Amino acid sequence: MIEATNLTKRYGDRYAVEDLTFTVRPGMVTGFLGPNGAGKSTTMRLILGLDRPTRGSVTVNGRAYAAHRTPLREVGALLEARAVHPGRSPYHHLLALARSNGLPRSRVLDVIDAVGLTELARRRAGRFSLGMQQRLGIATALLGDPHTLILDEPLNGLDTEGIRWVRGLLRDLAGQGRTVFVSSHLMTEMALTAEHVVVIGKGRLVADTGLASLIAES
Ligand code: ADP
Ligand code: ADP
């Protein structure tokens, strides 16, 4: 469970997010919807402890992450800024990460298989299509078998089949009781992916609602 209380982040004299209070529950996919620049990535960075709130707080299962690195066993994240080094292969990248987090090598093979990258496992990630890079990012997020997943625009760059695949994966992960928080700027994609949505605009909470009521209102 993710709980944000009056979460606020200011850069200079501008508020990137202001007074966000919302809850993301386990066992369902929660969408984080808002146009570009609304504050979605900022909020996700605050949840992960990659940035500090100016005011307010955010916790994951009661814990506030302050360190630069969130434990992979607790929270898996896909953030654009966390791109894989272009010279590394999926196997190399994931194995290094598994080692530094005390995870067994078998996890690396499991997640490579789970995202369909087995044939590309030894190729340089720098040459991958955006869709394949997204799959590698998702594999990275899944590596520690975390209870919480924070995915920033995971559908970007995927083709129709890839989008369908990610949707199925997110539903499976939520169905296992995990907390799954997924951002998108596309309303229709969220409508097909999430059961609950948190909507922001210009850094402020616009709605926190079940999907049916959001569609009814629009
Ligand atoms: P989204 O992910 O919804 O596109 P962001 O969280 O990236 O939105 O951005 C929200 C606002 O905060 C934007 O106006 C953006 O320019 C600003 N912002 C984000 N990160 C920084 C930063 N490191 N320094 C200054 N402004 C930032
Ligand atoms: P470096 O090795 O460059 O100092 P890190 O060890 O912090 O950087 O992270 C290396 C890579 O590990 C990041 O690019 C990111 O892909 C991944 N990573 C680290 N922590 C997480 C996490 N909690 N969730 C998802 N990926 C992570």
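Everything numeric here is computed off the predicted structure, so don't read it as measured data. Both counts, for ligands and for their atoms, begin at 1 and track the order of listing. Each residue takes its place number in the sequence, starting with 1.
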Discussion item. Less than 3.5 Å apart, any donor N or O on the side chain of R167 or T193 sitting next to an acceptor on the other?
Written reply: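 Side chains of R167 and T193: pair found under 3.5 Å.
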Worksheet item: Any luck finding a side-chain donor-acceptor pair between T209 and H196 under 3.5 Å?
Response: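 The answer is no; no qualifying pair exists.
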For ligand 1, is there an N or O atom under 3.5 Å from any N or O atom of [X]?
X	value
R14	yes
T42	yes
A38	yes

Worksheet item: Would atom 18 (N) of ligand 1 count as contacted, meaning some protein heavy atom under 4.0 Å?
Response: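 Protein heavy atoms within 4.0 Å of atom 18 (N) of ligand 1 - there is at least one.
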Worksheet item: Right, does atom 13 (C) of ligand 1 have protein non-hydrogen atoms nearer than 4.0 Å?
Response: yes
Discussion item. Looking at F181, is its backbone amide N or carbonyl O close enough to the side chain of T30 to form a donor-acceptor pair, meaning the two atoms are under 3.5 Å apart?
Written reply: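 Looks like no, no N/O pair under 3.5 Å.
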Practice prompt. Look at the side chain of Q134 and the backbone N and O of L158, then say whether any donor-acceptor pair between them is shorter than 3.5 Å.
Written response: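 Here the side-chain-to-backbone pair does not exist.
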Going by the order shown, which atoms of ligand 1 are within less than 4.0 Å of some heavy atom of [X]?
X	answer
P35	3 (O)
N36	4 (O)
K40	1 (P), 2 (O), 3 (O), 4 (O), 6 (O), 8 (O)

Fill in: Pairwise side-chain contact, I112 with L94, heavy-atom cut-off 4.5 Å (strictly under)
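When only atoms from C-beta onward are counted, L94 and I112 do touch, with a gap below 4.5 Å.
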Practice prompt. May I ask you to test the L97-T140 pair for a side-chain heavy-atom distance under 4.5 Å?
Written response: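 Yes, their side chains come closer than 4.5 Å.
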Worksheet item: Looking only at heavy atoms of G39, does any of them come nearer than 4.0 Å to an atom of ligand 1?
Response: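 Per 4.0 Å heavy-atom rule, G39 contacts ligand 1.
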Discussion item. If you apply the rule side-chain hydrogen bond (donor to acceptor under 3.5 Å, both in side chains), what do you find for T179 with H147, and how did you get there?
Written reply: CA-CA 6 Å; T179 302; H147 55 60; 5.8 Å; no
